[in-house]
Amino acid sequence: MDIDLSAEDLEFKQEVRDFFEENQMKPGEDYFSWRLEWFKKAREKGNWDVPKWPEKFGGPGWTPTQHYIWEQETAKATIPFDLPFGLGMLAPILMSYGTEEQRERFLPDIRDRKVNWCQGYSEPGAGSDLANLKTKAVLSEDGTHYVVNGSKIWTTLAHMADWIFCLTRTDDSGIKQQGITFLLFPMKQEGIEVKPIITLGGSHTVNTVHFTDVKVPVENRVGEEGKGWTYAKGLLEHERTGLAGLSRSLVALEKLKDNAQSITRGNGTLMDDSGYKSKIAELEIDLMATEYTELRSLASASAGEELGPESSILKLKGTEIQQRIQKLTVEASGVFASAWGDKPVGPHFSKGGMAGYLNSRYYTIYGGASEVQKDVIAKNVLGLTRSKTK
Amino acid sequence: MNFELSEEQKMIQQSVERFVQENYDLPTRVKLSGDGVGFSKEYWNSMAELGWLGLPFSEDDGGFGGNQIDVIVIMEQFGRGLVLEPYLSSVVMAGGAIKRGGSDKLKQEFLSSLIEGSKQLSFGYAELQSRFDLDDVATTAKKEGDTYVINGQKSMVLNAESADAIVVSVRTDGAQVDKNGISLFLVDADSKGVEMESFPTVDGLRASEISFENVEVDSSRLIGPINEGFGILQEATNDAILALCAEAVGAMEVLYKDTVEYTQQREQFDHPLSDFQVLQHRMVDMFMEYEQSKSMLLRATLETVQDPIAAQKTIHGLKYLVGKSGIFVGENAVQLHGGMGVTEELRVGHYFKRLIVIDSILGNTDFHLHKFTNFD
Ligand SMILES: Cc1cc2nc3c(=O)[nH]c(=O)nc-3n(C[C@H](O)[C@H](O)[C@H](O)COP(=O)(O)OP(=O)(O)OC[C@H]3O[C@@H](n4cnc5c(N)ncnc54)[C@H](O)[C@@H]3O)c2cc1C
């Protein structure tokens, strides 16, 4: 057992750092042109624009350790934003279940950040119980297209999306998990209505989406009709492992300490306050352990083994840690925690801290709510199933 | 021993409850919160007519001779509707300071108009650097003839933009952090040299940053003895802590009940959510936090009525407990509502935000736990 990075890994780490350093945004540069240019350079560098894609589909083919290094370095650096929907959620599905034609049609635009996707899964009646979805897709008599009717809810950035990947029901005669079909279609067309949902901090990121007789050509169906659940489930796993955000939490924790240190208390700072300090310490210890849980999980992935039971707790622990960091930021703001005007009041981080805290409440709800995650672990890892009543 | 409210208190409770039911549905609150000074002048006048603004003042001062118990009865109901009117800052805090230390003239001029609803007051006690320490006062007042000249600033002053006059804590002697040498003055909001920057708070209320530059106040505006304002400041803020905690208890009640109701209606996996034991237990925990908060509130209030000085430690315990419980109940109400919990459309999110903010007013859980631990 050892934790040393190999010479190659260390070299890789340096290379990543250098790349970030060389490609920083210059003062006065337009953000969006910088962003596209950055991805172009990353691609030239060795397919670094799609780190998570397998080599076969144009990815860099990194080892798990290299991925880990990348995660750590990206959390520290300023790199252009990316949305997970096309790149991290749909692309793997197309790689596994799409036709050659579909891959050629959709993957390049995803890779070039040309087309924005949104995820149309949840419905008013299908949240944790996703398989309960009711949005109907009916195949036309000539078999050329589906007609979609129904409603989705919580669709993140649907109002900015060009396309949607959508779970629909084509058959309701069997159990819920059967008869679900995975469709892709453009958002800007007749019969699609997007309405904003305003969330806690007053912001608009999620939406309801209503479909009225939306026509979707059969060639936009991924995989077989009625098998969409299997495809989506694989995707959900992808979504969850990505949500722990540990490397970002490590950086956020340091920032939190800096922030607390900027608050003067008597002759010292808030970081000298015994109550506050011990909360930071507890958080840090938890984060240290979780980091190693992630490393253990990586190591087994690296050895080509199946993911161990430890990986199932990453989302739960990771999101809880993120929430605690946010809460301690709010506490650091003191009396200014609630200031919500346009002009900053009090410590420079107070408004962002409150916004971050409110947003952090989502983390234990989306991508598998915590209670449901624990149910899954109880069942799949501990082997606890409810026995039939005697 | 008797925890029953008196007949009069029950009547007040019912009338506030009715008022809140009839006037404070969520859309109305959201609308009021976004308009002008952030509450309804009309409601304020009704509160005056109903006698609520005069409740905690003696009959000599033109009030109805009530005490802290009456205030928590009102505030708990206000908490159930997230009422926006400045009862806390105007009646409990500023009014509370004036009734304790104001000269007869000051009382006559300000308490009567406060009670009849024609004047509003506010209280500036926090400063940029002070955090929750009431005795950390950098704002100064220097005597020049018959007037005092105030220089400095006050932070997060609740409802200051609608106030006619503001009670401010100033340093007239001693070091920056010192209980001695603090004095209280009532400053007209339109005095020369008073600059106000007003803004919304995340819970839909309003606050202001106020700066004072060579602001002249007449010595008749002094509240309590010079250099010895801290005792009054502390008593008024203790009353405010009771009031805030009562509001929090009302808000927690709404949250746990809304959650119980929602989980019974919402079905997932072919069951109402309320069938799942883990959620049942969570709701029991929320309910317990609410009940414990209420007990501690009653304890602190009754002890205060008996002896405000002796009740100090309990007040610290109360604010700690309510801060912690409020956040627990709020976060879990949101969690158990799932996506619906994070929307502005449902009221749970609004109550949650208020509870978070209550923890940040007049000392958060850490602060009061520390005070409790080191109390002698
Ligand atoms: C900010 C945000 C963005 C989102 N973006 C998207 C998106 O882009 N696309 C998309 O399709 N969806 C999206 N979602 C939806 C998200 O996936 C759902 O909110 C999530 O699946 C939970 O469903 P629900 O909100 O209906 O809650 P519910 O399923 O109603 O759950 C409510 C509560 O009950 C608990 N619960 C449910 N079942 C059980 C059980 N069996 N045992 C114990 N407890 C249980 C839950 O843990 C939760 O606490 C988003 C949600 C949010 C908040």
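Below, read A as the first sequence line, B as the second, and so on, with proteins coming before strands; counting in each chain starts at 1. Quantities reported herein were computed from a predicted structural model and do not represent experimental measurements.
- Side-chain contact of Q335(B) with S370(A): a donor-acceptor pair under 3.5 Å is absent, judged by distance alone.
- Interface remark: of the candidates V177(B), D203(B), D270(B), D270(B) forms the most heavy-atom pairs closer than 4.5 Å to chain A.
- No other option in D133(B), L279(B), T201(B) has as many heavy-atom pairs under 4.5 Å with chain A as T201(B).
- If you look at F78(B) and Y87(B), their ring centroids are closer than 6.0 Å.
- Proximity to chain B is limited to the backbone of S333(A), based on heavy atoms less than 4.5 angstrom apart.
- For Q323(A), no part lies under 4.5 angstrom from a heavy atom of chain B.
- In this structure, chain B has heavy atoms under 4.5 Å from both the backbone and the side chain of I198(A).
- Chosen from L336(B), V202(B), I356(B), the residue pairing most often with chain A at heavy-atom distances under 4.5 Å is V202(B).
- For P124(A), the part sitting under 4.5 Å from any heavy atom of chain B is the backbone (N, CA, C, O) and nothing else.
- In this structure, chain B has no heavy atom under 4.5 Å from any part of A355(A).
- Contacts between K343(A) and chain B at a heavy-atom distance below 4.5 Å involve the side chain alone, from C-beta outward.
- Both the backbone and the side chain of V335(A) come within contact range of chain B, each with at least one heavy atom under 4.5 Å from a heavy atom of that chain.
- Residue K351(A): no heavy atom, backbone or side chain, is found under 4.5 Å from chain B.
- No salt bridge links K327(A) with E331(B); every basic N to acidic carboxylate O contact stays at or beyond 4.0 Å.
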